[in-house]
Structures are given as C-alpha cells and as structure tokens.
Amino acid sequence: MKYWLMKSEPDTYSIDDLEREGVNMWEGCRNYTVRNFFRDQFQIGDRALFYHSNAEPSGIVGEMEVVSLAYPDPTQFDPASDYFDPKSPREIPRWLAVDVRFRRRYPRIIPLAEIRTIPELGAMGVVQRGQRLSVMPVTPEEMRIIRALVGLPAED
DNA sequence: GCCAACGTTGGC
DNA sequence: GCCAACGTTGGC
C-alpha cells in the first residue's frame, strides 16, 4: 500500500464535499508527473492525505482511500468543462483520473505552518519551496508522524 | 493581491 | 532541441 498527498482548493472541492458524497472522481489534473503517478503507481487501497490548498489555513484535513485504478479523465473531452483539452487524442487520452473514497476527517486541521516545524517532515513536497505538484508521494514514516499528530495509530 | 517558482508552449 | 514568453500554482 502506498501513501499520497492530494491537494484541492476547498472553494473548488473540500473534504466536506467528499464526506457528503462518499466517493469522488479526482479529475482535472493537467500535469504529466501527476498523470504518471496515476498511471504507474496508484493502486486500489492506497491511502491519501487530503490537503486544502489556498485555504485559511492551508493544511491536511483528513484521509481518503483510492478505490479505482487510473482511467481516462472524461473532462478532457468535454468542451463545456474547465478542464477541456482539445489537443488530447481520444484514442490515446492524455489525462487520467482516479476515484477516491472518504475515510476520515482529522479532529483538527494540521496547518502547513505546523508541518514546517517538524524536522522529520522536511522532505515532504508540500513544505518545499516552489513544489507545486497537486499529487505527491508520502513515505510510511511521514504518514506515521502525521497520524500521531492527531492521535491516530500508525496503522488503521 | 502580490509574486516566486516552475511547467508548458511555440517560434526558430 | 533551445529557450523566452506565458500561464498556473499556491503561500503569504
């Protein structure tokens, strides 16, 4: 099982939305590194931290579970979508999506400012200057530390 | 709202 | 295939 961190602006899609809906298609990623993570590394059962970006405060707000393998993101073919990509060939879709399921909301937000104070979390992409990937891997040790911050066991 | 960082695009 | 211009991300 792999661990991930996935960012969303809560004004666009928040953990409240995911908690209400249960399962959601994580669509609209238009970055090749993220596309390759989806294609090559995402597995059903992987866990992901839900991170609110451009938020007050920005930080980790809960966890979700990957419940599908990657599949072509339908929004790339939808002219009405903000994510429409007219250059993506239908036969070889350029962009992928995965389905995620709500697992838990943390009892409190873990703000980015707090993550920055923990030396063992210094390698996380989310604390690194200029790191803008919306999906990035998290190590088991980082996951353990983050869960401990909110009183959860390392395994669940 | 500002702006640094960096991925992507496109001219050549 | 280089690289400048442009657009986007996202913290502050």
Side-chain angles (χ1 to χ4, degrees), chain A residues 2-21 24-42 46-66 68-100 102-139 141-143 145-150:
Chain A
K2 287 186 182 296
Y3 300 116
W4 304 94
L5 180 145
M6 300 170 78
K7 298 178 186 173
S8 180
E9 300 194 14
D11 289 349
T12 304
Y13 195 83
S14 73
I15 195 162
D16 305 270
D17 298 315
L18 183 62
E19 183 168 25
R20 188 175 57 249
E21 295 172 7
N24 180 55
M25 175 172 68
W26 203 270
E27 86 282 12
C29 289
R30 295 294 180 264
N31 172 284
Y32 289 104
T33 302
V34 173
R35 191 276 308 271
N36 295 345
F37 284 150
F38 282 169
R39 185 190 61 198
D40 303 333
Q41 298 194 45
F42 265 58
D46 285 357
R47 302 295 157 78
L49 299 167
F50 196 134
Y51 179 91
H52 280 176
S53 60
N54 260 321
E56 201 48 60
S58 293
I60 297 167
V61 293
E63 289 181 25
M64 48 200 171
E65 177 174 356
V66 177
S68 80
L69 294 175
Y71 57 90
D73 179 347
T75 65
Q76 70 197 302
F77 303 123
D78 177 3
S81 170
D82 289 344
Y83 303 125
F84 180 54
D85 182 354
K87 294 182 190 161
S88 179
R90 278 200 174 263
E91 323 77 63
I92 324 160
R94 182 176 294 183
W95 306 116
L96 302 174
V98 298
D99 292 341
V100 293
F102 178 83
R103 274 193 75 80
R104 63 166 59 90
R105 176 192 298 273
Y106 283 167
R108 64 182 183 87
I109 298 172
I110 304 175
L112 179 59
E114 178 178 350
I115 298 169
R116 287 192 196 285
T117 67
I118 301 170
E120 293 81 4
L121 299 181
M124 292 188 77
V126 83
V127 305
Q128 282 165 16
R129 185 181 177 79
Q131 170 60 270
R132 297 174 312 160
L133 288 179
S134 63
V135 173
M136 57 185 86
V138 173
T139 69
E141 178 65 3
E142 289 162 346
M143 198 72 184
I145 293 167
I146 286 161
R147 283 177 171 159
L149 287 174
V150 289

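Keep in mind that the numbers below use all heavy atoms, side chains included, and drop hydrogens, waters and symmetry copies. Because the structure is a prediction, the values reported are computed rather than measured. First the proteins, then the strands, lettered A, B, ... as listed; each starts at 1.
The Arg116(A) side chain lies nearest to dG11(C) when the options are dG10(C), dG11(C), dT9(B).
One can place CD of Gln131(A) at 9 Å from P of dG10(C), the figure rounded to the nearest angstrom. Atoms CD (Glu9(A)) and P (dC12(C)) sit 15 Å apart, rounded to a whole Å. At whole-Å resolution of the value, CG in Asn54(A) and C1' in dG1(B) are 12 Å apart. To the nearest angstrom, C1' of dA5(B) lies 13 Å from CD of Gln128(A).
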Each nucleotide N or O in nucleotides 6-8 of chain C that has a protein N or O under 3.5 Å away: list the pair and distance.
from: dT8(C); atom 1: O2; to: Arg132(A); atom 2: NH1; distance (Å): 2.6

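Looking at Arg94(A), its side chain does come within 3.5 Å of a backbone N or O of Lys87(A) through a donor-acceptor pair.
For the residue pair Ser88(A)/Arg30(A), the side-chain donor-acceptor check at 3.5 Å is not satisfied. For the residue pair Thr33(A)/Asn36(A), the side-chain donor-acceptor check at 3.5 Å is not satisfied.
Considering only side-chain N and O atoms, Lys7(A) lies under 4.0 angstrom from the phosphate OP1 or OP2 of dG10(C).
When each of Ile110(A), Val61(A), Val126(A), Leu5(A) is tested with Leu49(A) by the rule side chain to side chain contact (heavy atoms under 4.5 Å, CB included), just one qualifies, namely Leu5(A).
Separation of the Tyr71(A) and Trp95(A) ring centroids does not fall under the 6.0 Å cut-off. Taking the ring centroids of Trp26(A) and Phe50(A), they lie under the 6.0 Å cut-off.
Map Arg129(A) and Arg94(A) each onto its nearest nucleotide of DNA chain B; the residue landing nearer the 5' end is Arg129(A). Mapping Lys87(A) and Asn31(A) onto DNA chain B by nearest heavy atom places Asn31(A) closer to the 5' end of the strand.
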